[in-house]
Participant: 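Structure provided below as structure tokens; questions to follow.
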Amino acid sequence: MILPLQTLLRERITLALSTRYGLDPESMPTMAIEYPPNRRLGDLAVTVAFELARTLRRAPRVIAGEIAEAVGDAGHLDGLGRLEPTGAGYLNVFLDRAACARGWMSGTTEANPARGPKTVVEHTAINPNKAAHVGHLRNAALGDTLCRLLRFRGAEVEVQNYIDDTGVQVADIVVGLRKLEGKGLDDLRVLVDQPRFDYYCWNLYARVTEWYDQDDSRLTHRRATLQELEHDTDPTAAIARLLTDRIVRCHLNTMARLGIEYDLLSWEGDIIRLQFWARAFEILKSSGAVFLQPDGRLAGCWVMPIEDADTGAGAATDNNGAATEPADSDDDARLKVIVRSNGTVTYVGKDIAYQLWKFGLLGNDFRYRWFGTQPSGRPLWATSSVDTARPPDTPPTPPFGRASAVYNVIDTRQSYLQDLLVQALNALGHPREAEQSVHFSYEMVALSRSTARTLGYADAEGDKPFVEVSGRKGLGVKADDLLDQMTSHAEQEVAARHEDLASDAQRRIATIIATAAVRYFMIKYSKGKVIAFDIDEALSFEGETGPYLQYAAVRARKILHKLHDRHGLETTTLLAELATTSTAGLTDESGDGLWDLILDASRLDEVAEQAVRTLELSTLAKYAFGLAQRFNGFYHSSPVLAEQDDARRRWRAAGVSYFESQMTRALGLMGCEVPERM
RNA sequence: GCGCGUGUAGCUCAGUUGGAUAGAGCGACCGCCUCCUAAGCGGUAGGCCGCAGGUUCGAAUCCUGCCACGCGCGCCA
């Protein structure tokens, strides 16, 4: 891993700048380390000379030369090779290839971070009233990858999945069951055990929506049902409980197909029953973060003042021009209602209470109940509003919440609400938590024109390049349908290549491939980009796809296996013997391609760091793809088994082995496995 | 109206806190399976980086203005 080496390089140069020019290390700009466009120029490039040109009143090239001189032989230690001024003022570094490669491959440079601060990541949060669709897959894939990255960097991560079981969407299904299907609780008990119960609800939800649209008066059924849910009145509440429990289990099964698991299911109903809001309201009132609006349009409401987007500076500039505006309406615009004049709490209110709980700032806690064991063996808990006996043979309930950092993975349409959470934390005097309260925001998944047409929505008029997914209308690609199509496509491909494999083995491989295809597809786009989901594009296994990455890893493994079979060469002994293996095959010009591969493979930690820092997980995907491309190039140009020279063959094998392990880790961070064959 | 986001090759997108010749996939065209798996590799064609100014040694990247598109902004959930 290259990060420690970069740190070392920065230290060396900082020291040189301090001794040579007397610069204060504190005031120096953060030193960017780049990669020159081609290896002949060097392995790393530092541009600090350009930035210092002005203050030092010297040409960048001269500065670069002086830094190189000042660092001198100190650079040769620990894998840093020689420094060389290049071009207009770049300071390029030529690494000691053999020393670096040996270090990376033996894992001695591995940073072993201590158990970091506890981080809560909330993701998935699908309304428990219908099947999951591709939009939910983007959320879960991003959220789960983020978790894996955070753990990779040493954090303790707790994954929460919020279940909004009290909203109208659930009420609508209850209405549908009763009014459209004529079914009650007993019928539902049979229904939920039918396969694809979530698909049944998907269709029912669309039908209810249509049914409402035909006659507005039918909405009274929704209101009545919603009231019964709020008051926990059976049998309505019992129907909703059974319904949401089963749908949640459907969602969990879907996500499990992608290797996505959770630690805690947080049920909104419990937040309400345990009166989290009442507690949060006390806190908000006593701190003055909310106040009762005495008159005007919002008379009788408890409101929270809203800051303008960019700090408080915006409000000050308004002072000049605002005089002409009617002061009343202008003020109202910057107030967010938290409690309505009828005394009920708004959506934000519940969110604030939950967010406070995540940080351990609420003072109240949930009860917990055992929810089940997930495929990997990981336990899953759910919140509860009553104490329940822990089933035998289950682990003790862990201490949930009390995080020092919180990531909420929610699409960009929720930005406004998420911003309000941060403002509430600030208003309550928790600036540190406000700072650590991160909205991982991303754009939605829509449907491409052609895919929408394939689904039978030909009427999607207008000139939009995409069609928005709508659960309410039943318009969308269901997650399980996509996975099914992916899997059967992969199965055909596997069968065509490996007739000898038993069908269950083919099936297993196909599943692994399909998972990678879906997950990579959801990760490879920048978060700020709307994905116009196209089924044909997603179904492709060629080019920039998950299977391409897996294929490269499989090829690498194959080489290592054959090396063992034909030459009796074990990877571990191979790596151990590198210390005494002649390095010509790596250090001379013929080793450039091999070195490029090794250097690129070493960058995983740097990329993971960047992905988390910028919350741009596509960088991880792009890096892994680039690495796979590089390996495939190497694969075609540099045979390993057929190489005559023993030392050269060993170095190539070592490079392949290093690539394989780094690629496997990169795929692992994206929740993808490497199949045994492809 | 205000806020956020997006605008780069025919299509879908990268472009690392401003850096070296703007890259990749798909599609098109031309090649490569006696050789570690062709889910692969090599090559060709294809670019006023939305427009106009500005900042600087250097701008697709930063600033200002404009244009286009998307999303958000309710005592709804």
Side-chain angles (χ1 to χ4, degrees), chain A residues 29-30 32-38 41 45 47 50-51 53-54 59-60 86-90 127 164 166-169 171 226 293 297-298 300-303 306 308-310 314 333 336-342 344 346-347 350 411-417 419 441 443-444 446 448 463-466 468 490 493-494 496-498 513 524-532 534 537 540-545 547-548 550-552 554-556 558-563 566 606-607 610 613-614 616 618-619 621-623 625-626 629 632-633 635-643 656 677-678:
Chain A
T30 48
I33 296 181
E34 300 167 7
Y35 296 86
N38 71 67
L41 291 170
T47 55
F50 291 109
E51 288 160 46
R54 173 158 292 206
T86 326
Y90 291 96
N127 285 333
D164 181 1
T166 63
V168 281
Q169 333 85 21
L226 207 49
Q293 186 75 345
R297 191 167 57 86
L298 301 177
C301 296
W302 287 85
V303 297
I306 302 168
D308 286 338
D310 287 313
K336 176 67 189 173
V337 173
I338 307 294
V339 179
R340 303 182 191 103
S341 53
N342 67 5
T344 57
T346 60
Y347 202 81
K350 279 178 269 189
D411 77 54
T412 180
R413 288 173 290 192
Q414 300 289 321
S415 292
Y416 178 64
L417 288 176
D419 188 46
S441 155
E443 262 293 355
M444 60 176 172
S448 76
D463 23 65
K464 282 195 190 179
F466 53 81
E468 195 168 348
E493 298 287 329
V494 174
R497 283 158 233 246
H498 305 287
I513 292 171
K524 75 172 178 179
Y525 297 94
S526 289
K527 61 186 167 138
K529 228 105 183 183
V530 175
I531 297 181
D534 191 87
E537 198 188 323
S540 167
F541 294 163
E542 288 167 18
E544 197 198 338
T545 65
Y548 177 93
Q550 292 174 311
Y551 188 60
V554 167
R555 280 177 147 179
K558 189 64 166 289
I559 292 174
L560 298 174
H561 282 142
K562 291 211 165 171
L563 209 59
R566 292 189 197 171
E606 179 197 349
V607 172
Q610 188 198 339
R613 193 181 65 241
T614 59
E616 189 51 89
S618 63
T619 55
K622 298 290 177 183
Y623 161 74
F625 175 61
Q629 273 185 312
N632 276 330
Y635 180 91
H636 281 276
S637 68
S638 312
V640 178
L641 298 174
E643 173 55 45
V656 170
R677 290 166 72 177
M678 274 184 84

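Residue numbering restarts at 1 for every chain, and letters A, B, ... go by the order of the sequence lines. Because only heavy atoms are used, hydrogens play no part in the values below, and waters and symmetry mates are left out as well, while side chains stay in.
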Participant: What's the CD-P distance between A/E616 and B/G15, to the nearest Å?
Facilitator: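 The answer, rounded to whole Å, is 6 Å.
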Participant: In terms of the nearest nucleotide of RNA chain B, which residue is placed more toward the 5' end: A/V530 or A/E468?
Facilitator: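 Nearest-nucleotide comparison on RNA chain B picks A/V530.
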Participant: Taking OH from A/Y347 and P from B/C73, how many angstroms apart are they, rounded to a whole number?
Facilitator: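 So the OH-P distance, A/Y347 to B/C73, works out to 13 Å.
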Participant: What is the minimum heavy-atom distance between A/Y525 and A/E616, and which atoms define it?
Facilitator: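 Shortest heavy-atom separation between A/Y525 and A/E616 comes out as O-OE2, 4.2 Å.
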Participant: Considering non-hydrogen atoms only, spot the tightest contact between A/F625 and A/G543 and give its length.
Facilitator: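 Of all heavy-atom pairs spanning A/F625 and A/G543, the closest is CE1-O, 3.9 Å.
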Participant: B/U12 P sits how many Å from A/E544 CD, rounded?
Facilitator: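 Answer to the nearest Å: 15 Å.
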Participant: Is A/G167 touching bases, backbone alone, or none of the nucleic acid, heavy atoms closer than 4.0 Å?
Facilitator: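 If one applies the 4.0 Å heavy-atom cut-off, A/G167 turns out to touch the sugar-phosphate alone, with no base involved.
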Participant: Taking the same atom, P, in B/A52 and in B/G18, what whole-Å distance lies between them?
Facilitator: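 It works out to 24 Å between them.
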Participant: Expressed as a whole number of Å, how far does the C1' atom of B/A45 sit from that of B/A28?
Facilitator: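 Nearest-Å result for B/A45 against B/A28 at atom C1': 8 Å.
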Participant: Can you check each nucleotide of nucleotides 27-40 of chain B against protein heavy atoms at under 4.0 Å and return B for base, S for sugar-phosphate only, - for none, in 5' to 3' order?
Facilitator: ---------BBSBB
Participant: My understanding is that only residues two or more places apart in sequence, or in another chain, count here; which of them pass salt bridge (Lys or Arg N to Asp or Glu O under 4.0 Å) with A/R677?
Facilitator: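 For A/R677 the salt bridge (Lys or Arg N to Asp or Glu O under 4.0 Å) partners, ignoring immediate neighbours, are A/D500.
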Participant: Looking at B/U17, B/U21, B/A24, which one has an atom nearest to any side-chain atom of A/A32?
Facilitator: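 Comparing B/U17, B/U21, B/A24 against the side chain of A/A32, the answer is B/U17.
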Participant: For A/K336 and B/G74, is the shortest distance between a side-chain N/O and OP1 or OP2 below 4.0 Å?
Facilitator: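 Answer is yes, contact under 4.0 Å.
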Participant: Looking at residues at least two apart in the chain, or sitting in another chain, which of them share a salt bridge (Lys or Arg N to Asp or Glu O under 4.0 Å) with A/K350?
Facilitator: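 By the salt bridge (Lys or Arg N to Asp or Glu O under 4.0 Å) rule, A/K350 matches A/E268.
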Participant: A/E34 CD to B/A20 P: how many Å, rounded?
Facilitator: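 Interatomic distance, CD of A/E34 to P of B/A20: 8 Å.
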Participant: Starting from the 5' end of RNA chain B, give me the residue, A/Q414 or A/T47, whose nearest nucleotide shows up first.
Facilitator: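 Nearest nucleotide further toward 5': that of A/T47.
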Participant: Donor-acceptor pair, A/K524 side chain versus A/E544 backbone, under 3.5 Å?
Facilitator: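 Yes; at least one donor-acceptor contact below 3.5 Å.
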Participant: Apply side-chain hydrogen bond (donor to acceptor under 3.5 Å, both in side chains) to A/Y551 and list each qualifying residue two or more places apart in sequence or on a separate chain.
Facilitator: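 Listed in chain order: nothing, the list is empty.
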Participant: From C-beta outward on A/F625, which listed nucleotide comes closest to its side chain: B/C76, B/U21, B/A24?
Facilitator: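 In terms of side-chain proximity for A/F625, the closest of B/C76, B/U21, B/A24 is B/A24.
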Participant: Syn or anti for B/C33, taking syn as within 90° of 0?
Facilitator: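 Classified syn.
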Participant: Backbone N or O of A/A532 within a donor-acceptor pair of the A/S448 side chain at under 3.5 Å?
Facilitator: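 Pair absent, no side-chain N/O of A/S448 close to backbone of A/A532.
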Participant: Using atom C1' in both nucleotides, what's the gap between B/G3 and B/A60 to the nearest angstrom?
Facilitator: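 Pairwise C1' distance, B/G3 against B/A60, rounds to 25 Å.
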Participant: Can you sort out the partners of A/R497 under side-chain hydrogen bond (donor to acceptor under 3.5 Å, both in side chains), two or more places apart, ordered by chain and number?
Facilitator: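 Listed in chain order: A/E493.
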Participant: If you look at every strand shown and take non-hydrogen atoms under 4.0 Å, does A/Y525 touch a base, only sugar-phosphate, or nothing?
Facilitator: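 Sugar-phosphate: the residue A/Y525, judged by heavy atoms under 4.0 Å, touches backbone atoms but no base.
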Participant: Would one find a side-chain N or O of A/R340 under 4.0 angstrom from OP1 or OP2 of B/A77?
Facilitator: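 True: A/R340 side-chain N/O within range (under 4.0 Å) of B/A77 OP1/OP2.
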Participant: Identify whether any heavy atom of A/E643 sits under 4.0 Å from a base atom; if not, whether one sits that close to sugar-phosphate; answer base, sugar-phosphate or nothing.
Facilitator: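 Nothing, no nucleic acid heavy atom in range.
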Participant: Between B/C75 and A/S341, counting only base atoms on the nucleotide and side-chain atoms on the residue, is there a donor-acceptor pair under 3.5 Å?
Facilitator: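 It does, because a donor-acceptor pair links the side chain of A/S341 to the base of B/C75 below 3.5 Å.
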Participant: Between the protein and nucleotides 59-63 of chain B, list every N/O to N/O distance that falls short of 3.5 Å.
Facilitator:
none

Participant: Can you tell me which stems RNA chain B forms, taking runs of 3 or more consecutive Watson-Crick or G-U pairs with both distances under 3.5 Å?
Facilitator: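 Counting only runs of 3 or more consecutive pairs, the stems involving RNA chain B are B:1-7 with B:67-73, B:10-13 with B:23-26, B:28-32 with B:40-44, B:50-54 with B:62-66.
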Participant: For A/R54, enumerate each residue passing the side-chain hydrogen bond (donor to acceptor under 3.5 Å, both in side chains) test, keeping only those at least two apart in sequence or located in another chain.
Facilitator: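 Checked A/R54 against side-chain hydrogen bond (donor to acceptor under 3.5 Å, both in side chains); zero matches.
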Participant: Just jot down the salt bridge (Lys or Arg N to Asp or Glu O under 4.0 Å) partners of A/E34, sequence neighbours excluded, or say none.
Facilitator: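 Applying salt bridge (Lys or Arg N to Asp or Glu O under 4.0 Å) to A/E34 gives none.
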Participant: What does A/E537 touch in the nucleic acid at a heavy-atom separation under 4.0 angstrom: a base, only the sugar-phosphate, or nothing?
Facilitator: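 Result for A/E537 = sugar-phosphate.
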Participant: Is the phosphate of B/G25, meaning OP1 or OP2, less than 4.0 Å from a side-chain N or O of A/Q629?
Facilitator: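 It does, given that an N or O in the side chain of A/Q629 lies less than 4.0 Å from OP1 or OP2 of B/G25.
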Participant: A/K527 NZ to B/G15 C1': how many Å, rounded?
Facilitator: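 Answer to the nearest Å: 16 Å.
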Participant: For nucleotides 7-11 of chain B, list the nitrogen or oxygen atoms of the protein found under 3.5 Å from its nitrogen or oxygen atoms, one pair per line.
Facilitator:
from	atom 1	to	atom 2	distance (Å)
B/G7	OP1	A/K529	NZ	3.0

Participant: Whole-Å distance between B/G72 P and A/M444 CE?
Facilitator: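 Value for this atom pair: 7 Å.
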Participant: So, does A/S540 use its side chain to make a donor-acceptor pair with the main chain of A/E537 at under 3.5 Å?
Facilitator: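 No, the answer is negative, given that no donor and acceptor are paired below the 3.5 Å cut-off.
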Participant: Quick check against the 3.5 Å criterion: does A/T614 have a side-chain atom that pairs as donor or acceptor with the backbone of A/Q610?
Facilitator: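 Yes; at least one donor-acceptor contact below 3.5 Å.
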Participant: B/C76 P sits how many Å from A/K350 NZ, rounded?
Facilitator: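 A/K350 atom NZ is separated from B/C76 atom P by 10 Å.
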Participant: Hey, does A/A45 reach any base, or is it just sugar-phosphate, or nothing, if we go heavy atoms under 4.0 Å?
Facilitator: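 Base: the residue A/A45, judged by heavy atoms under 4.0 Å, touches a nucleobase.
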Participant: Can you sort out the partners of A/Q169 under side-chain hydrogen bond (donor to acceptor under 3.5 Å, both in side chains), two or more places apart, ordered by chain and number?
Facilitator: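 A/Q169 satisfies side-chain hydrogen bond (donor to acceptor under 3.5 Å, both in side chains) with no other residue.
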Participant: Check whether any side-chain heavy atom of A/F541 sits under 4.5 Å from a side-chain heavy atom of A/M678, and report yes or no.
Facilitator: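 Result no, sub-4.5 Å side-chain heavy-atom pair not found.
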Participant: Please classify the nucleic acid contact of A/S526 as base, sugar-phosphate, or nothing, using heavy-atom distances under 4.0 Å.
Facilitator: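 Since only primed, P, OP1 and OP2 atoms lie under 4.0 Å of A/S526, the category is sugar-phosphate.
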Participant: Take atom P in B/G50 and the same atom in B/C13, then report the distance between them in whole Å.
Facilitator: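 Going atom to atom, P in each nucleotide, I get 15 Å.
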Participant: Please enumerate all residues that pass salt bridge (Lys or Arg N to Asp or Glu O under 4.0 Å) together with A/E443, with sequence neighbours excluded.
Facilitator: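 If we apply the salt bridge (Lys or Arg N to Asp or Glu O under 4.0 Å) test to A/E443, skipping adjacent residues, there are no hits.
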Participant: Find the distance A/Y416:OH to B/A77:P and express it as a whole number of Å.
Facilitator: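 Nearest whole value for this atom pair: 15 Å.
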Participant: Hey, does A/Q169 reach any base, or is it just sugar-phosphate, or nothing, if we go heavy atoms under 4.0 Å?
Facilitator: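 Sugar-phosphate contact only - A/Q169 comes under 4.0 Å of backbone atoms but never of a base.
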Participant: Mind checking whether A/N632 and A/R555 have side chains closer than 4.5 Å, heavy atoms only?
Facilitator: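 Of all side-chain heavy-atom pairs linking A/R555 with A/N632, at least one is under 4.5 Å.
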